[in-house]
Each structure stands twice: as C-alpha cells, then as structure tokens.
Amino acid sequence: MTEKFFELDHVTHVYQSSDGEGHEALHGVTLSIGTGEFVAVLGANGSGKSTLARHLNALLLPTEGRCLVRGWDTKDETRRWDIRQEVSMVFQNPDNQLIAAVVADDVAFGPENLGIPPAEIRRRVKDALALVGMEHYAQAAPHFLSGGQKQRIAIAGAIAMQTHALVLDEPTAMLDPRGRVEVLHAVEKLHEEQRMTIVYITHFMEEAIAADRIVLMDVGQIVMDATPHEIFSQPERVRALRLDVPLAADLAARLRCGGMDLPQDIVTDEELLHCLSR
Ligand code: ADP
Ligand code: MG
C-alpha cells in the first residue's frame, strides 16, 4: 500500500457571495492520491477543478467534509505552515507568478523566506533550474522569456522549496504547443526522477494521457477515476461530459465502428500506428 498524500472525504465547498447566496462548487468529493502518483484532473469549465486544487494546500477549506494532506487536516491552523511546505501550486498565467527581475532571484525567493543559508540556496537554485532545463537562464530577465520558459521557472521555484507535491492548475492553457510540451516534460521528469506527487489540471487530452490516472469532474463531482486507457476507451462517455477524446482514440473508435478489428484501449498515436502497421 502506498502512503496517502491527499485524502478528501466527502468534501463540499460552498462559495458565499456578499448577498448571502451560496454557490456549491464541490459536492461530496471523495478522493485519495498516493505519494508519488501523477494524477490529471479533467472537466469542463466550471466543473470545480480549481476549487478542488485550492483545497490541496489549504487555500480553501471544506464547507463540509475533510481534506487531509499527509494526514494533516487543512482546517488545523497549527499545521497550515507544514502543509504549505509540502505542496506548491503553479497557476495558469505565467506573468502573474514571477516577481524578481532575474530568474535566479525568483527561484531563490521561496527558500530565502524560509531562512535557508545562502550557500544552500545557491545549490538549490542551480539544481532546480537544471531539472527544468533552464540552467542557462539563471541571470536572464523573466520578462524576456517565452510562456513555457516562465512556467518552468515557476516550477523551479517549487522545486527549490523542496515541497513533495506540485499542484498545477492549467499551467499550459496560455502557452503555444512548444511551451506546452516543455512544461509537460518538466513535470514528467519531476514525477519520474524526484518521485514528486503531481496533480495536473488540464483541458488538453494529450497531456492527461501522460498521467498514471485521470480524475474526471462534472458539476462539482468526480464522475470517473481511472487510468487514461480505461477512460478514453469509453469515448461516448467522455464526450457526454463535454470533453474531447485524444485524436488516436477517436480514430480507433471510428475504425472499429467501420468493422476494423482494433483493440479497445488505443489512446496514443504510437499505439494506433503500431496496430495499423500490423
Ligand atoms: P473550473 O476550474 O473547473 O473551471 P471552478 O472551481 O473555478 O471550476 O469553479 C466551480 C464553480 O464555482 C463555477 O460555477 C464557478 O462559477 C464557481 N466559483 C468559482 N470561484 C468562485 C467564487 N470565488 N465565488 C463564487 N463562485 C465561484
Ligand atoms: Mg479552473
């Protein structure tokens, strides 16, 4: 049994507006994510993905139910600092996340606030930049970087904090295809080499395939929770939730409909090519 990193037990979240009206954004969400797992979260706009993400480092607290991070209850104020040391967040807009005038200072910002000695900070900054493939940009001005590079710097900042989990809320939504690939590769590397626990919210199906597991949300609830192959072998269900299906899975389903004998679980281009070339 892997240790549980995140554990949500019937979490409901109600946003309270100033006129006293409540809006329920999460409804009875129960979810367990193991240490070292890479989980993608998919769902249409407004399905509650960001609200869920913000529960994972106690930016939001459950209205009902319980959210545990490494066994600590997010409602326990004495543990809030510990939780923030364990879970970093990366958001959608690369321009809102970098604050310093020089890349290295930006990555050093978090550890500096923790009072870590300068030599140790320099080492961490160097290692973190190398991990995201940005070691040659330590002295660059973030202003001149591409969106994909900026997001990788934001990720390096999280690595330098030595948190064990990274929650990314649509980190590639504002990037071009090349930037998207760069960010996804950096995340995969953290997962594989550092065994970081990853929660990756995206609306790009091709990115979700990289995860061990996909959690699919609809109107504040989890409606599917399975491997990418299990999810995308049911294209009708995925489409009914107003989501796309990866191109290869879609094409395979059409070819099967047309009478071709193809396996159910084709998801990636490589798998489809392999089957077709037989
Ligand atoms: P997603 O990230 O999947 O698009 P969100 O978690 O942002 O979904 O939003 C879920 C629901 O909660 C939506 O209906 C949204 O309008 C609502 N919502 C989000 N933030 C707030 C807020 N601060 N106040 C009130 N309602 C909100
Ligand atoms: Mg969102």
Side-chain angles (χ1 to χ4, degrees), residues 6-33 38-69 74-75 80 83 87-97 147-148 150-151 154-155 158 165-175 179-180 183-184 187 197-211 213-226 228 231-232 237-246:
F6 297 109
E7 219 181 339
L8 282 77
D9 183 17
H10 295 90
V11 170
T12 289
H13 189 85
V14 178
Y15 287 107
Q16 216 63 51
S17 68
S18 49
D19 60 7
E21 286 281 302
H23 178 89
E24 193 181 74
L26 291 182
H27 182 80
V29 170
T30 294
L31 172 69
S32 168
I33 297 178
F38 178 1
V39 177
V41 180
L42 295 177
N45 275 341
S47 58
K49 303 181 299 296
S50 295
T51 305
L52 173 70
R54 287 174 155 79
H55 278 76
L56 301 180
N57 78 340
L59 281 175
L60 288 177
L61 300 175
T63 310
E64 280 170 48
R66 205 169 63 146
C67 178
L68 302 182
V69 178
T74 54
K75 281 187 181 158
R80 203 143 297 158
I83 289 171
V87 188
S88 298
M89 306 275 289
V90 173
F91 296 101
Q92 194 177 92
N93 191 337
D95 292 317
N96 291 347
Q97 302 186 70
K150 284 181 192 165
Q151 287 300 59
I155 293 170
L166 190 56
V167 177
L168 305 103
D169 191 355
E170 301 201 31
T172 58
M174 301 176 75
L175 307 184
R180 295 210 291 269
V183 168
L184 184 66
V187 170
T197 305
I198 309 279
V199 179
Y200 191 95
I201 300 173
T202 182
H203 60 251
F204 295 105
M205 304 302 134
E206 278 72 14
E207 296 177 357
I209 294 173
R213 179 176 153 204
I214 295 178
V215 166
L216 228 156
M217 298 193 64
D218 190 37
V219 281
Q221 290 181 295
I222 293 176
V223 288
M224 290 175 93
D225 181 349
I231 299 248
F232 293 123
R237 253 190 102 181
V238 173
R239 276 203 205 88
L241 296 163
R242 290 158 285 139
L243 294 170
D244 292 329
V245 172

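Each ligand, and each atom within it, is numbered from 1 in the order the structure gives.
- Within the 2.8 Å limit, Asn45 places no N, O or S atom next to the Mg ion (ligand 2).
- If you look at Ser17 next to ligand 1, there are no close heavy atoms at all, none under 4.0 Å.
- Ligand 1 lies out of reach of Gly220, whose nearest heavy atom is not under 4.0 Å from it.
- Of the N or O atoms in Gly46, one or more lie within a sub-3.5 Å distance of an N or O in ligand 1.
- Side-chain atoms of Gln97 come within 3.5 Å of backbone atoms of Phe91 as a donor-acceptor pair (strictly under, hydrogens ignored).
- Summarising the geometry, atom OG belonging to Ser47 is positioned 9.5 Å from atom CG belonging to Leu26; distances are rounded to the nearest 0.5 Å.
- Among all protein heavy atoms, the one lying closest to atom 19 (C) of ligand 1 is Tyr15 CE1, 3.5 Å.
- If you run side-chain hydrogen bond (donor to acceptor under 3.5 Å, both in side chains) between Thr172 and each of Gln151, Arg180, Glu207, only Glu207 comes through.
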CA sep, side-chain torsions, deciding dist, call: Asp169, Lys49, salt bridge (Lys or Arg N to Asp or Glu O under 4.0 Å): CA-CA 8 Å; Asp169 191 355; Lys49 303 181 299 296; over 6 Å; no
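- Contact annotation: Gly48 has at least one heavy atom less than 4.0 Å from an atom of ligand 1.
- Taking only nitrogen or oxygen atoms, main chain and side chain alike, Asn45 does not reach within less than 3.5 Å of ligand 1.
- Checking side-chain atoms of Thr51 against main-chain N and O of Ala25 turns up no donor-acceptor pair under 3.5 Å.
- Of the protein's heavy atoms, Thr51 OG1, 3.7 Å lies nearest to atom 5 (P) of ligand 1.
- At the shortest separation from atom 15 (C) of ligand 1 among protein heavy atoms lies His23 NE2, 4.3 Å.
- Side-chain N/O atoms of His203 and Glu170 include a donor and acceptor closer than 3.5 Å.
- With values rounded to the nearest 0.5 angstrom, Leu42 atom CG is found 7.0 Å from Thr202 atom OG1.
- Interface of Ala25 with ligand 1, defined as ligand atoms under 4.0 Å from a residue heavy atom, comprises 10 (C), 11 (C), 12 (O).
- When each atom of ligand 1 is checked for a heavy atom of Ala44 under 4.0 Å away, the hits are 3 (O).
- Contact annotation: for Lys49 versus ligand 1, heavy atoms closer than 4.0 Å belong to both the backbone and the side chain.
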